[in-house]
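Owing to the predicted nature of the structure, the values given are computational and were not obtained by experimental measurement. Quick note: numbers below take in every heavy atom, side chains included, and nothing from hydrogens, waters or symmetry partners. The chains referred to below are lettered A, B, ... by the order of the sequence lines, with proteins before strands, and numbering in each begins at 1.
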Amino acid sequence: MWLARVLVPVVVIGGWQLFTATGIVDKFFFGQPSGVWHSLVHLFQHGTAFGSIWLNLWVTIKEALYGFLLGTAAGILLGLLLGQNRFLADVIGPYIKILNSIPRIILGAIFIVAFGLGTFPKVLLAAVLVFFIVFFNAFQGVREVDPNLVANVKVLGASPLQVARHVTIPSALTWIIASLHTAFGFAIIGALVAEVLGAQHGIGLLISQAQGQFDMNTVFACMTITSVVTLVAEYLITLLERRVLAWRPPSRAEAASI
Amino acid sequence: MVQRADQRVRAVGDPGAASAGAAQIEITGLTKRFVTRKGVPFTAVSDVTFTVEPGQFCAIVGPTGCGKSTTLGQVSGLERPSAGSVRVGGREVNGVTRGVGFMFQADALFPWKTVLANVMVGPTLHGMARKDAVELARNWLRRVGLAGFEDRYPHQLSGGMRKRVAMAAALINEPQILLMDEPFGALDVQTKAIMQTELLGLWEQLRPSVLFITHDLDEAVALADRVLIMTTSPGSIKQSFDIDLPRPRGEVQEIRHEPRFLELQGQIWASLREEVERAYAQTAGAA
Ligand SMILES: Nc1ncnc2c1ncn2[C@@H]1O[C@H](COP(=O)(O)OP(=O)(O)O)[C@@H](O)[C@H]1O
Ligand SMILES: [Mg+2]
């Protein structure tokens, strides 16, 4: 299995290199692995037109992280509230659905115009993307709470707040944490898209500049860098999940999953 | 708060004080209707009237779906009756009844809490200091034979062990009344007998009033002072039988062979049988 797994990138990257080197595929449009590598080295050694690569990377990570935290907090809060309160859900629910139907790229354009080229509109777009994922999961998590457990804790004398603390929140947490895996990826996407739309620093800006100069190798290099960041974040979230959900029985689906 | 906690701890070792806390359950003309999905009203229990004296162990037996769980829901205060009244300790039930222990039909342990934390929920919600609650919970786990399992999660326990945890969690606040909804229904025969014996032992120490629901007649006769038979849906009380087997009853498995047990069991079965057959005919007709 491991051999096959290693073979996949070897074939893909090797094939890509081979086709572009022999000229079957034009490396001007599709880049070339060796060129991507050179771009990467160049980015880290000589920096970019907008400061060192570390500065740009840090800007993007910061925007994504703030957006992630903001969106997650808002999503959990509103999801728990609306999940527990039928009235609120009926009043606010339709508006959330309407907002959710607005294409995010338009929102991004609006934010850039409204709030300028700084950090804030990027954080906001990332937060919006994260919010809807976390919100719907938190909401569903509350709805799926085992009514037996609610009855049990009520009989033991719990107030509505204590019901939330002892049953609703821990129960919804399974759903919320599962959503965080996808959510961080979306936070990065939100930050990148907003940067492409207009920025002074950030990986998204580098990508749009390189694209403007038909420098596909640098576009792929930036893509590689963001992939690494996302994978690291994914790993950290998995660690968090293991810690918080230590009580869960190991399911068969999980044991067999990737 | 801490002072009250201390009193509770003391009461554990003092059966006299505990039995004085038992409450009467008085159910009068209790009727519960549900609105089904199609919008048609459905009467689950109809005009149920009976009284459980303080410290009495009362069992309700009836065919599946006759409204046993529904009746218990009204006594606990989790639901409100459509008509009639429920009084516990002389007070009308209005909202969740205080001083109730409840063992549910389904598994109702909190899967994200350890065994110890599960048992601690009751005292914690009553405002007991954490340290005292831990100590009390450890005590109770010892009483139900689960010392050493404090840090396990419910999914790491067998069905019988989970029931012990639920029993400790339901009894730890020393309730005035204990409501049990087919608590041992899902257990295998041997485990069930062991759990029944343990329940009797704990009940004899604490002496709350018990309302015990089951569809297992043997279980009802072996445990209870009184057995009520419920009719097929809509449920109401058909007949009441006093069980004069001497207490303490000891091993549940032994009682089953005593002549008096068999005699009572035979009498009650004659009454229950009609209902079970009627319930079967109803569901078979509907299918
Ligand atoms: N919340 C509810 N809504 C509608 N029907 C219900 C509800 N709860 C119980 N019932 C119906 O009431 C009847 C009695 O249920 P239950 O008390 O659970 O019976 P059992 O004696 O088996 O415990 C059943 O026919 C059941 O379908
Ligand atoms: Mg039932």
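If you measure heavy-atom distances from V96(B) to chain A, the contacts under 4.5 Å come from the side chain alone. Contact annotation for V153(A): both backbone and side-chain heavy atoms come within less than 4.5 Å of a heavy atom of chain B. Using a 4.5 Å cut-off between heavy atoms, A169(B) touches chain A through its backbone atoms (N, CA, C, O) alone. With a 4.5 angstrom heavy-atom cutoff, L109(B) touches chain A only via backbone atoms. Interface remark: F102(B) contributes backbone and side-chain atoms alike to the contact with chain A (heavy atom separation under 4.5 Å). Using a 4.5 Å cut-off between heavy atoms, S159(A) makes no contact with chain B at all.
For the set N148(A), V150(A), N152(A), the entry with the most heavy-atom pairs within less than 4.5 Å of chain B is N152(A). Your options are Q105(B), K113(B), M103(B), and the one with the most heavy-atom pairs under 4.5 Å with chain A is K113(B).
Within 6.0 Å of the CH2 atom in W58(A), the count of heavy atoms belonging to other residues, nucleotides or ligands does not exceed 12. At most 12 non-hydrogen atoms from other residues, nucleotides or ligands lie less than 6.0 angstrom from CZ of F186(A).
The two residues A137(B) and L116(B) make their nearest non-hydrogen contact at CB-CD1, 3.7 Å. When all heavy atoms of A158(A) and V163(A) are compared, the closest pair comes out as CB-CG2, 3.9 Å. Looking at every heavy atom in both residues, D216(B) comes nearest to K192(B) through OD2-NZ, 2.9 Å.
Taking the six-membered ring for Trp and the full ring otherwise, the centers of F68(A) and F184(A) sit less than 6.0 Å from each other.
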